[in-house]
Asker: 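This is the structure, below, for whatever I ask next.
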Amino acid sequence: MTAAQHSVGPVVSQRVAFETPFCFASGARLPRWELVYETYGELNAAKSNAVLICHALSGHHHVAGWYADDPKNIGWWDNIVGPGKPIDTDRFFVVGVNNLGGCHGSTGPSSINPETGHPWGADFPVVTVPDWVRAQALLADHLGIEQWAAVIGGSLGGMQALQWSIDLPARVRHAVVIAAAPKLTAENIAFNDVARQAILTDPDFHGGHYYRHGVRPVRGLRLARMLGHITYLSDDQMAEKFGRRRRQDAARFSFDVEFEVESYLHYQGDKFARWFDANTYLLMTRALDYFDPAEPYGGDLAAALAQARAGFLVVSFSTDWRFAPSRSREIVSALMKTKKDVSYVEIQSRHGHDSFLIADPYYHSVVAGYLAHVKT
Amino acid sequence: MTHAQRRPDFDVIASWMKCGETVLDLGCGDGSLLVLLKERGISGWGVERDPGLVLAAVENGVNVIQSDLEEGLAGFEDDAFDHVILSRTLQTMHHTQQILAEMLRVGREAVVSFPNFAFWKNRLAVLGGRMPVSEDLPYQWYDTPNVRFFTLLDFETLCTEMGFVIRERRVLDEQGELIEDEPNFLGSLAVYRLGRG
């Protein structure tokens, strides 16, 4: 079995423009806005086999396959989406979308504000998870999809799946919520704050209007990503991957890169800062901070999830400390309290929070096993 | 857990559940009982620790929550279920009293089945100097998942001590046939319906 045999193959991104204003939870509005998306597989005649993939902090619409003119640019969740794969494109019509506020083609801070003729920058509205769900629902309308067979996501993507099930219960038959949490802890928010402060205090940030100065707050974004990256890995995995290994045998008594883990983090930070937009990073982390679907229900998650009509698969990973298994169990307890159909699997994995992106056979079998019972 | 074998206790358990009731099946294995109950209109959730069995239950299309029963049922609300089932699992658990108390906390009724160590063949094996291996105790001493060996009388004594009411009892032989007389001698597998006292 080669990767190519189970790939959706070359894909083409699509774009939809909405000419009616989008109203954010904050009260802000976008007069006109666009979403980029990709689809894999065929929508059946009844339009009942559609699956939405929601992306996490740095994800986007390019979920699977590759581009004919850029074959190395493989979708971020290609290992799970494709023909014969757990999210099987022979059965499902799979939709990937770049969220509002993103930096991969959907309207976001780097898009032009029609009122000023300049990029939105810091003036782009702060976006919330419920905002994304409403925007995705308008994409579903555009595609003629009344009800998703499943909404699936990991991390911040899983939170969107959860929000879908609460806000638009009639439009979701199944929600697959992976490596997520019902809301962030103070510690989670604290990490996000440090990441944002790194960006906000970069001299090249220019109050979020760096585009017009022809610079980017690369140093701040790099630090933000380095910090974030530490929270995606597990202690075990870092110990195994780097330990205390140095690039040279002896200490050089300097502050240069000496330990392998430093080298790795610098590389990851540099790579990310080259292509990601700092304003989008601010928006995505804020959306995480604000996420709390129980808030409109007096803080009662079970009351929020009582709205849901979907069946749920909740998955967590043993070494994930960003959104630990106990956070997923909070979701499961709330679902049990209102007698929802739910399965919960806690997967042994060394890869920390990033486990949801790893092609672990057991994890993939669980997702495949669950989706096999999703009627199309 | 003998999930692959024929489960005569399932029929007894299913006969005690009514359509529309809710069930929590502790140590649900591959979810076979939940599949049977689902066909009869009884909605259920299983709890299972073993990753392979959790996957099998997911593949069988039933609700399964991966959790270790030895840690209790902390995530479950009081009075959440009509029935809480522990089928052929009690003998594999260390925290015997804790799980029984937890069952009658989250459920109105507890259903417990277990192999009877006092079954005559088991007694005969021990008299002959060997640990019993039978239909309902199918393991060798060195590979058994069972950690508690007890009899109908032992269990009923514990129920009394814990203040539980035994509402019904069915005792089966190795063929799954109902035993009426001398159950602690002729019965290989016992199924109890318990309530709070």
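Source: prediction; values computed, not measured. Below, all heavy atoms of this structure are taken into account, side chains as well, without hydrogens, waters or symmetry copies.
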Asker: Would one find more than 12 heavy atoms of other residues, nucleotides or ligands at under 6.0 Å from atom CD of A:Glu295?
Answerer: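 At most 12 heavy atoms, drawn from other residues, nucleotides or ligands, come within 6.0 Å of this atom.
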Asker: For the interface with chain B, which of A:Pro325, A:Ser365, A:Gly311, A:Ala334 has the highest count of heavy-atom pairs at distances below 4.5 Å?
Answerer: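 The answer is A:Ser365.
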Asker: Got more than 12 heavy atoms from elsewhere within 6.0 Å of CH2, B:Trp16?
Answerer: yes
Asker: More than 12 heavy atoms of other residues, nucleotides or ligands under 6.0 Å from CD of B:Glu168: is that the case?
Answerer: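 Yes, the 6.0 Å shell around CD holds more than 12 heavy atoms from other groups.
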Asker: CG of B:Asp79: more than 12 outside heavy atoms within 6.0 angstrom?
Answerer: yes
Asker: Can you tell me if B:Arg193 has over 12 outside heavy atoms packed within less than 6.0 Å of its CZ?
Answerer: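 Counting other residues, nucleotides and ligands, CZ of B:Arg193 exceeds 12 neighbours.
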Asker: May I ask you to establish whether A:Lys339 and B:Phe81 are in a cation-pi arrangement, using a distance under 6.0 Å from NZ or CZ to the six-membered ring centre and at most 45° from the ring axis?
Answerer: yes
Asker: When rounded to the nearest 0.5 angstrom, what is the spacing between CH2 in B:Trp45 and CE in A:Met336?
Answerer: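 That separation rounds to 5.5 Å.
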Asker: To the closest 0.5 Å, what do you measure between CD (B:Glu77) and OG1 (A:Thr338)?
Answerer: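 It comes to 10.0 Å.
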Asker: Heavy-atom cut-off 4.5 Å, strictly under: side chain, backbone, both or neither for A:Val332 against chain B?
Answerer: side chain
Asker: Any side-chain heavy atom of B:Val54 sitting closer than 4.5 Å to one from A:Tyr362?
Answerer: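 Contact flag for B:Val54/A:Tyr362 side chains = yes.
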Asker: Please say whether more than 12 non-hydrogen atoms of neighbouring residues, nucleotides or ligands are located less than 6.0 Å from NZ in A:Lys183.
Answerer: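 No, not enclosed.
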Asker: Nearest 0.5 Å please: distance from the OG atom of B:Ser67 over to the CD atom of A:Glu346.
Answerer: 8.0 Å
Asker: Could you state the interatomic distance from CD (B:Glu59) to NE2 (A:His373), rounded to the nearest 0.5 Å?
Answerer: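 Output value for this atom pair is 7.5 Å.
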Asker: Closer than 3.5 angstrom, by distance alone: can the side chain of B:Asn63 be matched with the main-chain N or O of A:Ser343 as a donor-acceptor pair?
Answerer: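 No; judged by distance alone, with no hydrogens or angles, the pair does not exist.
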Asker: What heavy-atom pair brings B:Gly75 and A:Ser333 nearest, and what distance separates the two atoms?
Answerer: O-OG, 3.3 Å
